[in-house]
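What follows is a single structure, written as structure tokens, with notes after it.
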Amino acid sequence: LFLVWSKSTRMTEKKAQEEKQVPVDKYKYHEGFGNHFVSEALPNTLPVGQNNPQKCPRGLYAEQLSGTAFTEPRTSNQRSWIYRIRPSVCHTPFEKYDHKYMFSNWDNEGEVDPNQKRWMPFELQDLNEDFVDGLRAMAGAGTPTLKTGIAIYIYCATKSMTDRAFTNSDGDFLFVPQQGALHIRTEFGNMQVNPGEIAVIQRGMRFAIELVDGPIRGYILEIYDGHFKLPDLGPIGANCLANPRDFLTPTAAFEDKNVPHQIVNKFLGSLFVAKQDFSPFNVVAWHGNYAPYKYDLSKFCVINTVSFDHPDPSIFTVLTCQTTRPGVAAADFVIFPPRWAVAEHTFRPPYFHRNCMSEFMGLIRGVYEAKVDGGFQPGGASLHSCMTPHGPDSVAFERESNVELKPVKIPDVALAFMFESAYLLKMSPWAMNTNVDKKYHKSWEGLVSHFESK
């Protein structure tokens, strides 16, 4: 499995990493997952002892942002109180924003294809778009009308969002940057998210994406059902996988800027735009448990076999959003990070598989251990739909069926991920006709019969 990285490949990857400086994150954060945070950009701004006084300190407006129904059980109830210079209600009426790559109802739209799909890296050259215009729907299921389903996007941008903000009324966005760091300005404060990190911006939160070190490319998983949570650990115990303390939420920061801004609202899959004459990032203080957050994937504590067989990839789940059936995910975010492989008398790469779940994969950097023919590249993607056969390509199978099984480390430069869902996904016309690897099926043509009848 892991000898597919030659010495020269390792050296090239290491040199590339050393030469490319990761931008320094200058912001401060609150630590913890799902905590109730208290945050002030200026001291003595939050009301004492109540949420909505007759007059707020510093002449601010009190505004509640509800992420769950008022009557949601307290264990899962999410809301925040934000105190801002002017309330978000001050804008012109929303009007339709023309964007040909969005989808409103995957049940009635989209194209059906049960074949294994693979996309080559999505191009950035000749693109003159910010995050909003560079957003492309790839695949999805369900509809935000009933708050049931998911959608998957690719984003590519070569310029920052200037004097405009985006808000998603349909669900939560999970960002997976692949190229270029993101400076994400939100109502709750600022985040910098580098490749190798993820960010979650939940339903209704206004944000703007700005470039830090050049063009950006990455993946987004959108969930219409509820919110992401940490997976239950069961017999693993109280620790490991993604530990709650490693999640970071921005601290309050504001701008008192009275210049025209656009608010782009994703509502039932369509985009609408309104105007206002002040910055939407004018929150001076806030408190609550409904806020954006980020996570560094290098802090994921990997669980793996130390005896034999290849465990199911659910042991690599970072975040999950469950359906109404316990243990059945509307969406899981799974990573395949650097780790040791020590299984004895075992075929170590992922096994051949037909799954009741849909599996969308992307590659952030390096080489994925089950795909070594060169077709699965950073910035590209693959989709193996419900019950569509998939597994290691023929090169990986032959090599790893015969390699000497010694403890081997998957290099630190390797990082792949998967969006896994119980839903059957349709694809957008753009996904069906853009960068499709039409030779993907040939990855398995070399799997010949080794059957011995005697």
Side-chain angles (χ1 to χ4, degrees), residues 1-10 12-13 113-122 138-139 152 178 219 304-305 309-314 316 334-339 341 343 345-406 408-411 413-420 425 427 431-432 434-451:
L1 161 57
F2 310 109
L3 299 181
V4 298
W5 285 274
S6 66
K7 182 178 180 182
S8 60
T9 302
R10 287 195 190 98
T12 302
E13 294 278 14
D113 187 345
N115 288 304
Q116 302 96 344
K117 305 293 289 187
R118 184 162 73 184
W119 292 269
M120 305 306 288
F122 297 95
M138 285 281 293
I152 296 170
Q178 185 274 319
Y219 314 83
N304 205 357
T305 182
D309 278 353
H310 184 95
D312 295 328
S314 50
F316 303 131
V334 179
I335 62 171
F336 302 96
R339 61 198 183 276
H345 47 83
T346 294
F347 181 74
R348 289 177 175 175
Y351 39 72
F352 294 103
H353 195 201
R354 287 181 294 163
N355 194 355
C356 64
M357 310 283 276
S358 300
E359 302 180 13
F360 178 95
M361 285 194 63
L363 187 60
I364 299 171
R365 59 177 183 258
V367 178
Y368 175 54
E369 58 260 36
K371 296 289 186 290
V372 299
D373 63 0
F376 187 50
Q377 300 177 26
S382 68
L383 175 63
H384 301 138
S385 297
C386 174
M387 292 304 166
T388 296
H390 55 279
D393 60 38
S394 55
V395 176
F397 178 79
E398 291 299 330
R399 185 175 298 175
E400 300 313 315
S401 295
N402 297 289
V403 71
E404 181 182 358
L405 295 179
K406 298 187 294 186
V408 180
K409 175 75 178 295
I410 296 183
V413 295
L415 184 57
F417 72 89
M418 178 169 65
F419 301 150
E420 186 174 54
L425 305 182
M427 281 170 281
M432 290 289 290
T434 304
N435 287 29
V436 177
D437 182 358
K438 296 183 179 179
K439 297 181 180 180
Y440 185 31
H441 65 283
K442 294 186 177 182
S443 297
W444 298 283
E445 282 186 347
L447 296 171
V448 300
S449 173
H450 297 283
F451 177 65

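Below, each value reflects all heavy atoms present in this structure, side chains not excepted, and no hydrogens, waters or symmetry copies.
In terms of heavy-atom proximity, Q377 sits nearest to L363 at C-CD2, 3.7 Å. Pairing each heavy atom of V334 with each of P313, the nearest pair is CG1-O, 3.4 Å. The minimum heavy-atom distance between P311 and Y351, with the atom names listed, is O-CE2, 4.4 Å. Across every non-hydrogen atom of V367 and V372, the tightest pair is CG1-CG1, 4.3 Å. Minimum heavy-atom separation, A396 to E369: CB-O, 4.2 Å. The minimum heavy-atom distance between P378 and I364, with the atom names listed, is CB-O, 3.8 Å.
Between E445 and K439 no salt bridge is recorded (no basic side-chain N to carboxylate O distance below 4.0 Å). Salt-bridge check for R118 with D373: passed, with a basic side-chain N closer than 4.0 Å to an acidic carboxylate O.
Rounded to the nearest 0.5 angstrom, L415 CG and R365 CZ are separated by 4.5 Å. Annotation: the span from M418 atom CE to I335 atom CD1 amounts to 11.5 Å, rounded to 0.5 Å. Annotation: the span from F376 atom CZ to S382 atom OG amounts to 4.5 Å, rounded to 0.5 Å.
In this structure, the side chain of H390 engages the main chain of T388 through a donor-acceptor pair within 3.5 Å. Judged purely by atom type and a 3.5 angstrom limit, T346 has no side-chain atom pairing as donor or acceptor with the backbone of R348. S385 contributes no side-chain N or O that, together with a main-chain N or O of S358, makes up a donor-acceptor pair within less than 3.5 Å. Checking side-chain atoms of D113 against main-chain N and O of N115 turns up a donor-acceptor pair under 3.5 Å. When atom types are taken as modelled, the side chain of K371 and the backbone of G391 share a donor-acceptor pair closer than 3.5 angstrom. No side-chain donor-acceptor contact under 3.5 Å links N435 to the backbone of G380.
Looking at F360 and M138, their side chains come closer than 4.5 Å, going by heavy atoms from C-beta outward. Considering only heavy atoms from C-beta on, F347 comes within 4.5 Å of P392 through its side chain. In this structure, M357 and C386 have side chains that are not in contact, with every pair of non-hydrogen atoms separated by 4.5 Å or more. For the pair R339/K409, no side-chain contact is recorded, criterion being any heavy-atom separation below 4.5 Å from C-beta on. Residues W119 and T434 fail the side-chain proximity criterion, which asks for heavy atoms closer than 4.5 Å.
A donor-acceptor contact under 3.5 angstrom links the side chains of H450 and E398, judged on distance only. For the residue pair H441 / Q116, no side-chain donor-acceptor distance below 3.5 Å is found, with atom types taken as modelled.
Among residues two or more places apart in sequence or in another chain, the side chain to side chain donor-acceptor pair (under 3.5 Å) test is passed with N402 by none.
Classified by interplanar angle (parallel below 30°, tilted 30° to 60°, perpendicular above 60°), the ring pair W444/Y440 is tilted.
Side-chain rings of Y368 and F336 approach one another, their centers coming within less than 6.0 Å. Taking the six-membered ring wherever Trp is involved, the centroid distance between the rings of F316 and F417 does not fall below 6.0 Å. A ring-centre distance under 6.0 Å is found for F397 and F352.
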Would you please test N355 and H384 for side chain to side chain contact (heavy atoms under 4.5 Å, CB included) and show each step?
CA-CA 9 Å; N355 194 355; H384 301 138; over 6 Å; no
